[in-house]
Participant: 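I am attaching a structure below and will ask some questions about it afterwards.
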There are 4 protein chains.
Amino acid sequence: MPQFSGVIPPVVTPRHADGSIDTNSLKNVTKHLLDGGVSGLFVLGSSAEVPYMTDAERGLVVSTIAEANAGSVPLIVGANEQTTNRVIEEAKKVIDLGADAIVVTSMYYAIGNVAETETHFRAVHAAVDKPIFAYDVPVRTHFKLPVDLLVRLGRDGVITGVKDSSGDDVGFRQLLLATKDNPELSIFTGHEVVVDGALLGGAHGVVPGLGNVDPAGYRRLFDAAQAGDWAGASREQDRLADVFEIVFTPNGRVSGGAAGLGAFKTALQVMGVIESNTMSVPMPALNDSETAAIKVILERNGLV
Amino acid sequence: MPQFSGVIPPVVTPRHADGSIDTNSLKNVTKHLLDGGVSGLFVLGSSAEVPYMTDAERGLVVSTIAEANAGSVPLIVGANEQTTNRVIEEAKKVIDLGADAIVVTSMYYAIGNVAETETHFRAVHAAVDKPIFAYDVPVRTHFKLPVDLLVRLGRDGVITGVKDSSGDDVGFRQLLLATKDNPELSIFTGHEVVVDGALLGGAHGVVPGLGNVDPAGYRRLFDAAQAGDWAGASREQDRLADVFEIVFTPNGRVSGGAAGLGAFKTALQVMGVIESNTMSVPMPALNDSETAAIKVILERNGLV
Amino acid sequence: MPQFSGVIPPVVTPRHADGSIDTNSLKNVTKHLLDGGVSGLFVLGSSAEVPYMTDAERGLVVSTIAEANAGSVPLIVGANEQTTNRVIEEAKKVIDLGADAIVVTSMYYAIGNVAETETHFRAVHAAVDKPIFAYDVPVRTHFKLPVDLLVRLGRDGVITGVKDSSGDDVGFRQLLLATKDNPELSIFTGHEVVVDGALLGGAHGVVPGLGNVDPAGYRRLFDAAQAGDWAGASREQDRLADVFEIVFTPNGRVSGGAAGLGAFKTALQVMGVIESNTMSVPMPALNDSETAAIKVILERNGLV
Amino acid sequence: MPQFSGVIPPVVTPRHADGSIDTNSLKNVTKHLLDGGVSGLFVLGSSAEVPYMTDAERGLVVSTIAEANAGSVPLIVGANEQTTNRVIEEAKKVIDLGADAIVVTSMYYAIGNVAETETHFRAVHAAVDKPIFAYDVPVRTHFKLPVDLLVRLGRDGVITGVKDSSGDDVGFRQLLLATKDNPELSIFTGHEVVVDGALLGGAHGVVPGLGNVDPAGYRRLFDAAQAGDWAGASREQDRLADVFEIVFTPNGRVSGGAAGLGAFKTALQVMGVIESNTMSVPMPALNDSETAAIKVILERNGLV
């Protein structure tokens with residue numbers, strides 16, 4: 001296994017009902033994840049609502065998690081900005097606050113191409129002295145990172161890993177195959193319900209938003225896969241896929257962003273880990289009936 | 001296992017150099033597939049270049065395969081047309097020619113919605129007396145069949161199975177979970193390189209275009225999975241993923257359609273199964289250097 | 001002005017309540033359009049619900065319109081099929097039935113590229129002896145015809161005109177500029193509410209679905225533009241844009257296809273031109289409250 | 001005419017060859033635009049490469065333009081950030097630096113919906129005390145602002161105007177029609193080559209990136225339209241469309257972003273207005289042969 005592997009959930013960002021960051025709840029989430037057996041924390045990811053945070057809030061979140069983690073596991077922290085020079089400034093800030101590695105997407109809002117994207121990653125690598133994960137999330141950036149670019153960046157030591165949230169399972173398998181001879185590269189899947197197949201294909205880790213709710217379940221799935229117990233891994237995956245049904249409770253009432261992240265926060269509130277399921281402006285929180293539906297799903301899966 | 005399961009390749013359509021259908025080569029392909037241990041034949045699929053065939057050619061292809069198959073395995077045949085009434089007419093034709101089941105996509109060129117799509121499938125079911133597979137191929141139809149629609153159509157007996165070429169692995173797992181209590185429904189994946197994961201998640205079969213080239217490989221993969229030998233299944237999948245590299249040899253020189261289907265036909269030509277790698281108008285055939293590159297890949301995988 | 005110009009509406013296809021083609025109503029629509037001063041008829045277009053028609057229905061529609069038209073104006077007829085050889089077969093059929101020119105889209109369901117698309121148009125041109133209009137409708141074909149391809153096909157005499165329904169007004173202006181030196185080429189817009197601007201930019205004609213409802217309005221708009229009365233053209237366009245509000249009356253209740261075409265047919269029913277607003281399977285017809293809303297819009301524009 | 005109208009180019013951002021902001025050249029561009037007769041300056045727009053600028057660079061650009069403008073015309077300044085609270089912080093900064101109005105897009109990277117987008121605009125309006133332009137640029141944000149939302153925000157005084165770069169000419173005309181009774185609302189088009197048609201339809205202004213190169217041409221076009229000389233407006237538009245050909249000189253060599261903005265900067269360099277055509281990291285500058293091709297286009301249009 002490469003340096004980074006295992007279950008590395010993207011930590012959600014609890015807010016008080018008035019919208020301010022709830023640092024106590026954030027510490028509780030961090031402890032909940034560490035207790036669940038995670039091997040790293042993915043900080044300031046999409047699940048953290050990072051695009052909705054002000055600069056001050058981003059700093060507060062990183063330092064709060066760093067304090068609660070106290071060096072237990074590596075912190076892989078998003079440097080989420082539109083373009084290269086902005087990413088570099090953001091990366092330096094989060095490294096100062098304790099990041100062990102940074103996460104970089106392709107540019108967005110900007111309209112780039114493959115060559116500019118390669119320059120982008122190489123320029124960030126040249127400017128910072130921590131390992132870089134390429135985060136492939138075309139549903140947000142509207143640019144798919146090509147497999148051959150990722151292979152090249154990995155071979156040249158520009159990136160230390162890939163978090164794949166592309167929804168392109170064929171490309172993911174090709175990436176795994178094309179990097180089998182690179183023992184330093186960590187390939188993570190960000191998709192909650194196909195982790196067993198991803199691990200069977202050779203993935204080194206998983207960054208599941210749902211891991212906020214059930215970190216121990218993902219740890220069991222990962223351990224089963226490591227032990228070669230694939231039937232057990234598949235059973236655990238099926239159970240987690242049922243837990244994942246919480247994200248569909250709003251059934252179109254709110255945006256896709258508010259539904260998924262809102263469900264994770266609402267579940268954590270029902271479980272008593274965080275105080276409020278308040279979302280970042282302008283996203284509404286899930287309501288009472290959605291909360292009740294989520295409770296039913298959590299109960300049938302033994303999580304409350 | 002439901003009625004339909006296993007390895008069911010979408011049979012390619014060989015053409016002579018002058019563009020006419022090469023029925024002898026088509027019989028050879030059919031024999032090659034049956035010898036490889038397939039459990040069904042998927043006829044007039046996208047891999048058959050069905051949208052490029054005239055009505056007369058479609059009839060000739062179905063009757064030629066039916067004759068060569070001689071009842072050995074079920075024929076699942078595409079009724080590929082833009083909308084409901086045209087699909088029904090096409091379905092009746094292919095059933096007369098020997099189809100054991102038909103394959104129906106959502107409408108295309110037409111701009112529909114979920115309700116019209118449901119009416120579409122129900123109307124086809126009401127008009128024909130053979131089992132129907134829903135073929136989910138949004139890269140061609142530009143309409144993703146929703147999981148809940150497929151679950152509903154399966155529960156009501158409108159469809160007997162699903163061929164998923166959606167590229168949406170999350171939706172595929174949800175479909176598998178949501179139909180676990182329906183023992184009659186066959187869920188197939190159409191993606192060549194993630195079959196091990198699909199079977200681990202509970203899929204009943206696979207419809208791999210690459211299965212034209214290496215049907216025995218897919219049969220070994222399927223058998224390993226059936227036997228619970230997941231590590232073996234994954235090794236076979238990795239080998240097949242390497243064979244799949246043949247589709248990337250044109251590297252942008254031709255369209256995506258001409259590259260993938262052209263690679264399958266070129267491989268079969270190299271292997272001596274078919275006479276020519278000629279494509280349907282207006283697609284160009286792969287050239288000599290691409291053929292040479294494909295031969296290298298086939299050789300390193302023991303296929304020539 | 002080139003050979004084809006002016007107002008050339010895409011004729012809708014009336015159906016009886018039982019779904020069969022209503023040839024009497026179709027003759028009435030044809031007469032209504034000729035009385036409105038149109039300079040051509042666009043037959044078997046998207047507004048005719050052509051993808052929903054069986055082969056027999058397509059033939060019946062062309063021959064019925066040809067009979068009602070009796071040579072008054074040119075018939076520009078769609079040869080709507082997935083790929084080249086199927087288009088050629090369809091083109092020959094409609095030419096036998098009276099087409100003065102045919103309309104060809106890029107391929108669909110098939111996944112092509114620019115080179116294949118060029119081969120496609122050139123092959124159709126080589127096989128038929130009537131003028132060809134390229135129909136650019138990426139919302140249906142999911143392939144935008146590039147400006148430079150259209151310019152090249154026009155210069156080489158492969159196409160005699162373009163019907164643009166691409167929604168790309170910038171590309172449309174570039175096409176007009178790039179073909180200014182080609183007096184034979186007819187550039188038509190298919191967009192109902194920006195005809196004044198298209199004509200100001202140099203377009204030669206318009207193919208408005210809404211022209212079924214108000215052919216005389218489009219004729220007045222075209223005549224004002226020809227006379228250099230641009231303020232008058234703009235006023236008529238604004239009035240027609242208000243009539244176009246009929247297509248929004250379903251407000252999401254039905255698919256985009258059923259809403260737009262359904263509104264045209266419902267308006268014609270309200271106006272007494274056709275018997276029923278029945279749609280092709282599987283599209284629902286507009287309902288009573290939508291019909292009432294359409295009547296209000298027609299009344300305030302003096303159309304009933 | 002409402003408060004804001006006329007020709008309001010989005011000012012480009014010159015950089016020295018070493019990548020730093022070239023404030024002298026930026027002052028020259030500002031003077032060039034004022035001399036050309038513009039009625040406002042659009043600052044920190046996409047044409048300014050705003051997503052590529054650091055926070056410090058954004059501040060420097062606004063204050064430099066404000067100083068060079070010295071109150072001559074209104075400054076409409078982009079507050080370009082991913083989500084609501086970040087936009088509000090950015091808006092306050094640019095207002096402190098001299099913005100007379102701010103420009104706000106829908107959220108990006110974030111995945112929102114119509115309701116969240118409405119909350120977004122209303123929250124920004126509540127937090128800042130300057131007029132707001134909604135900037136509709138789905139090619140960057142991947143979210144089209146619906147016409148009815150814009151009408152509602154305009155009617156409620158949340159926005160004072162719209163800059164449309166949506167490429168949806170039908171929606172643009174509907175917006176013009178639906179807001180005809182709102183004399184305070186300014187509707188601008190951002191598309192360089194269809195300004196004559198937009199003005200004929202009732203638009204109040206234009207924000208052309210190409211206006212950096214030829215502000216006087218756009219002023220003549222606007223004045224001709226104001227005077228009802230539509231044939232003159234169309235001729236000037238055709239000339240400007242030919243100047244716009246400069247953006248196609250790279251012909252795929254660089255990204256779409258680098259081609260368009262690079263062409264404007266290269267033209268200004270050829271014209272002696274700015275020192276260098278250097279682009280923001282990671283975009284390459286246009287090369288010598290592209291520069292030569294641009295010079296030819298400028299010469300045949302009398303711009304050098």
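Throughout, protein chains are lettered first and strands after them, A, B, ... in sequence-line order, and every chain is numbered starting at 1.
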Participant: Should the pair E116(B)-R253(C) be classified as a salt bridge under the 4.0 Å nitrogen-to-oxygen rule?
Facilitator: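 Looking at R253(C) together with E116(B), the answer is no, because their closest N to O distance does not fall below 4.0 Å.
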
Participant: I need the residue from Q82(B), M283(B), E89(B) with the largest number of non-hydrogen atom pairs under 4.5 Å to chain C.
Facilitator: Q82(B)

Participant: Which residues in residues 284-291 of chain B have any heavy atom closer than 4.5 Å to a heavy atom of chain C?
Facilitator: P284(B)

Participant: Does T54(B) use its side chain to pair, donor to acceptor, with the backbone of R86(C) at less than 3.5 Å?
Facilitator: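 Not confirmed, T54(B) side chain does not pair with R86(C) backbone.
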
Participant: Could you list which of residues 119-133 of chain C have a heavy atom closer than 4.5 Å to any heavy atom of chain B, in residue-number order?
Facilitator: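 Result: T119(C), H120(C).
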
Participant: Looking only at heavy atoms, which two atoms of V254(C) and N113(B) are closest? And how far apart?
Facilitator: C-ND2, 3.6 Å

Participant: Under 4.5 Å, counting heavy-atom pairs only, tell me which of N85(C), N80(C), T141(C), V139(C) racks up the most with chain B.
Facilitator: N80(C)

Participant: Residues of residues 101-112 of chain B under 4.5 Å from chain C (heavy atom pairs)?
Facilitator: T105(B), M107(B), Y108(B), Y109(B), A110(B), I111(B), G112(B)

Participant: Can you find a pair of side-chain heavy atoms, one from D55(B) and one from D55(C), that are under 4.5 Å apart?
Facilitator: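 When only atoms from C-beta onward are counted, D55(C) and D55(B) do touch, with a gap below 4.5 Å.
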
Participant: Specify the closest pair of heavy atoms between P51(C) and T83(B), including all atoms of both residues, with the distance to one decimal.
Facilitator: O-OG1, 2.6 Å

Participant: With a 4.5 angstrom heavy-atom cut-off, could you sort out which part of S46(C) is near chain B: side chain, backbone, both or neither?
Facilitator: side chain

Participant: Could you check whether atom NZ of K92(B) has more than 12 heavy atoms from other residues, nucleotides or ligands sitting under 6.0 Å from it?
Facilitator: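 Counting neighbours around NZ of K92(B), 12 or fewer heavy atoms of other residues, nucleotides or ligands fall under 6.0 Å, so no.
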
Participant: Does any pair with a residue in residues 103-112 of chain B pass salt bridge (charged side-chain N to carboxylate O under 4.0 Å, His left out), and if so which ones, sequence neighbours excluded?
Facilitator: none

